[in-house]
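Below is one structure; the comments refer to it alone.
In the text below, chain A, chain B and the rest are named by the order of the sequence lines, each starting its count at 1.
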There are 2 protein chains.
Amino acid sequence: MSARRADAARNQASIVRAARKLVAARGLDVGMDDIAREAGVAVGTLYRHFPTKTDLVNAIVADHIEAIVHAMEAAMARVDAGGPALPELTGLLEWLAASVGEDHAAKAAATNLGSETVLGLEARAMATLERLVAAAQREGSLYPDVTAADLALLVNTLPGDEVPEPARRRWIQLALRAVCPPRG
Amino acid sequence: MSARRADAARNQASIVRAARKLVAARGLDVGMDDIAREAGVAVGTLYRHFPTKTDLVNAIVADHIEAIVHAMEAAMARVDAGGPALPELTGLLEWLAASVGEDHAAKAAATNLGSETVLGLEARAMATLERLVAAAQREGSLYPDVTAADLALLVNTLPGDEVPEPARRRWIQLALRAVCPPRG
DNA sequence: ACCTGAACACCGTTCAAGT
DNA sequence: ACCTGAACACCGTTCAAGT
């Protein structure tokens with residue numbers, strides 16, 4: 001298998017790199033021609049690798065979701081090793097907010113977290129989130145009725161760069177107040 | 001002044017009505033041709049009344065903001081008459097969530113609440129919100145650090161119909177928990 | 001097999017011609 | 001003054017021709 005031509009592989013990588021860069025900077029409505037030019041290929045080539053713009057965007061968004069999943073699993077590993085869950089949770093939220101603030105694709109990724117798009121990545125994300133929530137609740141650092149779905153919902157509605165940075169910070173603070181009882 | 005031809009007035013009204021209907025139902029990316037057809041005019045006529053699609057959408061969004069301002073002022077009037085502020089605030093939030101859930105234009109209106117778009121309507125909105133917040137704080141039904149800007153921020157991030165209705169309800173509940181101390 | 005780029009379809013916008 | 005609808009520009013997508 002994989003009798004794949006070398007130029008094809010190079011082109012695909014180049015396309016993804018170009019798309020990631022332009023989408024992050026200028027948003028999800030960059031022209032396909034622009035992406036092709038930045039990648040140094042013709043539009044037709046772009047469409048050979050990604051049959052539709054949605055496919056290309058999804059590929060990038062999926063990458064971001066994967067990064068999110070990794071961050072969550074790393075956090076969970078530290079908790080499994082005996083660390084406290086609450087700082088992991090707030091750290092995650094803050095990291096997400098920062099990404100979502102400066103990268104349009106990250107925002108799209110966050111918005112898809114709770115929904116049923118993009119393969120089983122979200123399943124993994126939700127599974128880890130559930131374990132994190134359970135751990136945090138054992139510590140008493142989340143209200144007992146707060147669920148993983150609640151956290152996903154909040155991540156979904158994290159404001160992007162349409163809201164100025166200090167307001168984003170404040171939003172997180174409020175979100176935390178909604179899920180964490182005041183320190184005893 | 002106002003030597004305005006009767007058909008022009010009729011057409012304008014018809015256009016706005018058509019746009020409101022289609023935008024509410026199908027979102028902000030309805031075609032201008034579709035709106036023109038629904039209004040029973042040619043595209044050129046549409047563009048004579050609204051030089052750009054943004055203008056047309058803004059007109060509708062501004063109407064929604066006006067409705068929001070009226071609801072807020074009515075709530076404030078009841079508080080001025082001696083009523084409690086907290087139920088007015090939560091009622092407002094719930095009403096907004098319902099609108100934003102079924103009307104795409106309402107969602108856009110809510111998203112513009114804190115920002116500096118669309119004339120002085122938002123100034124009025126913020127002024128009233130500030131009075132409401134002050135009243136609620138005198139009752140002790142909001143955390144002392146919660147501001148009108150916070151409430152606007154939350155309204156901005158109210159999830160629209162991309163999130164299913166029960167999740168929207170839950171979101172509001174969490175938002176309220178972020179701003180209201182538990183009942184004494 | 002894969003790449004190229006001219007061509008098509010769609011939608012926001014314009015403008016010459018009508019009344 | 002205002003309306004009409006054919007025409008233009010732009011962008012996502014396709015496809016005949018190349019290698």
Find the distance between [atom1] ([X]) and [atom2] ([Y]) and round it off to the nearest 0.5 Å.
| X | Y | atom1 | atom2 | result |
| --- | --- | --- | --- | --- |
| Arg170(B) | Gln173(B) | CZ | CD | 4.5 Å |
| Ile68(B) | Asp63(B) | CD1 | CG | 11.0 Å |
| Met76(A) | Glu130(A) | CE | CD | 11.5 Å |
| Arg78(B) | Asp80(B) | CZ | CG | 11.0 Å |
| Glu122(B) | Ile65(B) | CD | CD1 | 4.5 Å |
| Ile35(A) | Arg20(A) | CD1 | CZ | 12.0 Å |

Could you report the tightest heavy-atom contact between [X] and [Y], atom names first, then the distance?
| X | Y | answer |
| --- | --- | --- |
| Gln137(B) | Asp145(B) | NE2-N, 4.3 Å |
| Leu121(A) | Glu66(A) | CD2-CG, 4.1 Å |
| Ala125(A) | Met72(A) | O-CE, 2.8 Å |

Sequence neighbours excluded and cut-off under 3.5 Å, please list the side-chain donor-acceptor pairs for residues 38-52 of chain B, or say none.
{"unit_1": "Glu38(B)", "atom_1": "OE2", "unit_2": "Lys21(B)", "atom_2": "NZ", "d": "3.1"}
{"unit_1": "His49(B)", "atom_1": "ND1", "unit_2": "Gln12(B)", "atom_2": "OE1", "d": "2.9"}

Nucleotide N/O of nucleotides 5-9 of chain D paired with protein N/O under 3.5 Å:
{"unit_1": "dG5(D)", "atom_1": "O6", "unit_2": "Gly44(B)", "atom_2": "N", "d": "3.3"}

Pairing of Asp7(B) and Arg10(B) as salt bridge, 4.0 angstrom limit: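 Judged by the 4.0 Å cut-off on N to carboxylate O distance, Asp7(B) and Arg10(B) do not form a salt bridge.
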
Asp150(A)/Arg177(B) ion pair, N-O < 4.0 Å: no

Can you check the [X] [atom1] to [N] [atom2] distance for me, whole Å?
| X | N | atom1 | atom2 | answer |
| --- | --- | --- | --- | --- |
| Asp7(A) | dC3(C) | CG | P | 5 Å |
| Arg48(A) | dA16(D) | CZ | C1' | 14 Å |
| Leu46(B) | dT14(C) | CG | C1' | 13 Å |

Reckon [X] has a side-chain N or O less than 4.0 Å from the OP1 or OP2 of [N]?
| X | N | result |
| --- | --- | --- |
| Thr52(A) | dG12(D) | no |
| Tyr47(B) | dT13(C) | yes |
| His49(B) | dC2(D) | no |

Show me the side-chain donor-acceptor pairs of residues 89-97 of chain B shorter than 3.5 Å, one per line, residues at least two apart or across chains.
{"unit_1": "Thr90(B)", "atom_1": "OG1", "unit_2": "Pro87(B)", "atom_2": "O", "d": "3.2"}

Base-pair map of DNA chain D as dot-bracket, where | denotes pairing with a different strand and pairs are Watson-Crick or G-U under 3.5 Å: ||.|||||...|||||.||

Close residues, residues 10-39 of chain A, relative to DNA chain C [heavy-atom separation under 4.0 Å]: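 Within this stretch, Asn11(A) sit under 4.0 Å of the strand.
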
Every protein N/O within reach of nucleotides 17-19 of chain C N/O, cut-off under 3.5 Å:
none

